[in-house]
Amino acid sequence: MQTPSGHPVESSSAQRLVVLASGGGSNLAALLAAHEGASYGARVVGVVSDRPTAGALDLARDAGVASAVVAMKDFDDRSAWNDGVLEAVSVFQPDYLILAGFMRILAPSVVRKFEGRMMNTHPALLPSFPGAHPVRDTLAHGVKITGCTVHLVDEGVDTGPIIAQAAVPVLDGDDEPALTERIKVAERALLVETVGRIAREGLYVAGRKASIGR
Ligand code: GAR
C-alpha cells in the first residue's frame with residue numbers, strides 16, 4: 001500500500017470525519033469536543049452505528065451531528081449489511097472513517113473503498129492483544145505495560161499499519177474495568193491528537209510504515 005491520503009487543510013476546509021461506533025462513544029465525545037476548535041482541521045460530519053441503542057447516537061444528536069443506524073438484523077445477510085454500511089457512510093462524503101469502538105468486522109469490499117483513509121482505535125499495544133477482549137487478554141497474560149493504538153484498517157483484524165501508540169502501565173491489583181478506564185483516558189487523547197494531525201498534515205503510507213506529514 002503506497003497511499004498519500006488526505007491533504008493538508010486550509011483553514012477554511014476541515015476534513016470530513018465519519019465515526020463508526022457501537023458503544024457509549026467516549027472517543028466520539030472527545031472528537032466532538034476537539035472539532036469545535038477552528039484550528040483542529042477536521043469535523044465530525046456523521047456518526048454510523050450498528051446498534052440502535054448506542055450512546056454514541058445520543059452524543060451525535062446532542063452535538064447536532066447527523067447519524068445513521070445500520071443494524072445487522074435489518075439485513076438479509078452480512079453481505080447486504082456491508083453494502084448498507086457503505087451506503088450509510090458514503091452519504092456523508094467522508095475524507096476519513098474513524099472506527100471508535102465499532103465492534104463489527106467490515107468486509108474487504110468496504111475496507112478497500114477507504115484504503116488509507118479508515119482508522120481504528122484499539123485498547124492495547126498492537127500487534128499484542130488484537131481482537132474483541134484486549135484488556136482481559138492483557139491482564140491474563142500478565143504484561144506490565146499496555147496502552148492503545150491508532151492504526152489503519154486493512155483486511156485483517158487489528159493488523160493494519162500502526163499510526164500512533166501510547167503506553168499505559170498495568171498496576172498491581174488492576175482488574176478489567178479499572179485498566180480499561182485508564183487506557184481510555186490515554187486513548188481519547190491519542191485519538192484526538194492523531195486524527196487532528198492527519199487532517200492538517202496528511203497521512204503517508206509505505207508498506208507497514210505510516211507517517212503523518214512529510
Ligand atoms: C474503546 O476503548 C475502543 O478502543 C474499543 O472499544 C472502546 C469504545 O469505547 N474498541 C475495541 O476494542 C475494538 N477492538 P467508547 O465507546 O467509549 O469510545
Self-check item: F129 backbone acceptor or donor facing H122 side chain under 3.5 Å
Solution: yes
Exercise. Check whether I212 and L191 end up in the same hydrophobic cluster, where Ile, Leu, Val, Met, Phe, Trp and Tyr are linked by side-chain heavy atoms less than 4.5 Å apart.
Key: yes
Quiz item: Taking atom types as modelled and ignoring hydrogens, do the side chains of T53 and R51 form a donor-acceptor contact shorter than 3.5 angstrom?
Solution: yes
Quiz item: Heavy atoms, side chains only, cut-off 4.5 Å: are M119 and I198 in contact?
Solution: yes
Quiz item: Do S26 and R188 have side-chain N/O donor and acceptor atoms under 3.5 Å apart?
Solution: yes
Practice problem: Report yes or no: does Y40 contribute a side-chain atom to a donor-acceptor pair with the main-chain N or O of V192 at less than 3.5 Å? | Solution: yes
Quiz item: What are the two closest non-hydrogen atoms of S22 and A54, and how far apart are they?
Solution: O-CB, 3.5 Å
Practice problem: Heavy atoms only: give me the nearest I105-W81 pair and the separation to one decimal. | Solution: O-CZ3, 4.0 Å
Quiz item: Does the R117 side chain pair with the main chain of L152, one donor and one acceptor, at a distance under 3.5 Å?
Solution: no
Quiz item: For the side chain of R182 and the backbone of P169, is there at least one donor-acceptor N/O pair under 3.5 Å apart?
Solution: yes
Quiz item: Is a side-chain donor or acceptor of E176 paired with a backbone partner of V135 at a separation under 3.5 angstrom?
Solution: no
Practice problem: Run the numbers on K113 and M118 for side chain to side chain contact (heavy atoms under 4.5 Å, CB included), then give the verdict. | Solution: CA-CA 9 Å; K113 287 261 187 226; M118 192 191 308; over 6 Å; no
Quiz item: With distance as the sole test, does T194 use its side chain to make a donor-acceptor pair with the main-chain N or O of A164 at under 3.5 Å?
Solution: no
Quiz item: What is the minimum heavy-atom distance between F75 and G84, and which atoms define it?
Solution: CE2-CA, 3.8 Å
Quiz item: Where do L20 and F102 come nearest, in terms of heavy atoms and distance?
Solution: O-CB, 3.5 Å
Quiz item: Is a donor on one side and an acceptor on the other found under 3.5 Å between the side chain of D95 and the backbone of R16?
Solution: yes
Quiz item: When clusters are formed by joining ILVMFWY residues with side-chain heavy atoms under 4.5 Å apart, either directly or through shared neighbours, do V185 and I183 land in the same one?
Solution: no
Quiz item: So, for V153 and V111, which heavy atoms are closest and what is the spacing to 0.1 Å?
Solution: O-CG1, 3.7 Å
Quiz item: For A124, does its backbone N or O pair with a side-chain atom of T149 as donor and acceptor, under 3.5 Å?
Solution: yes
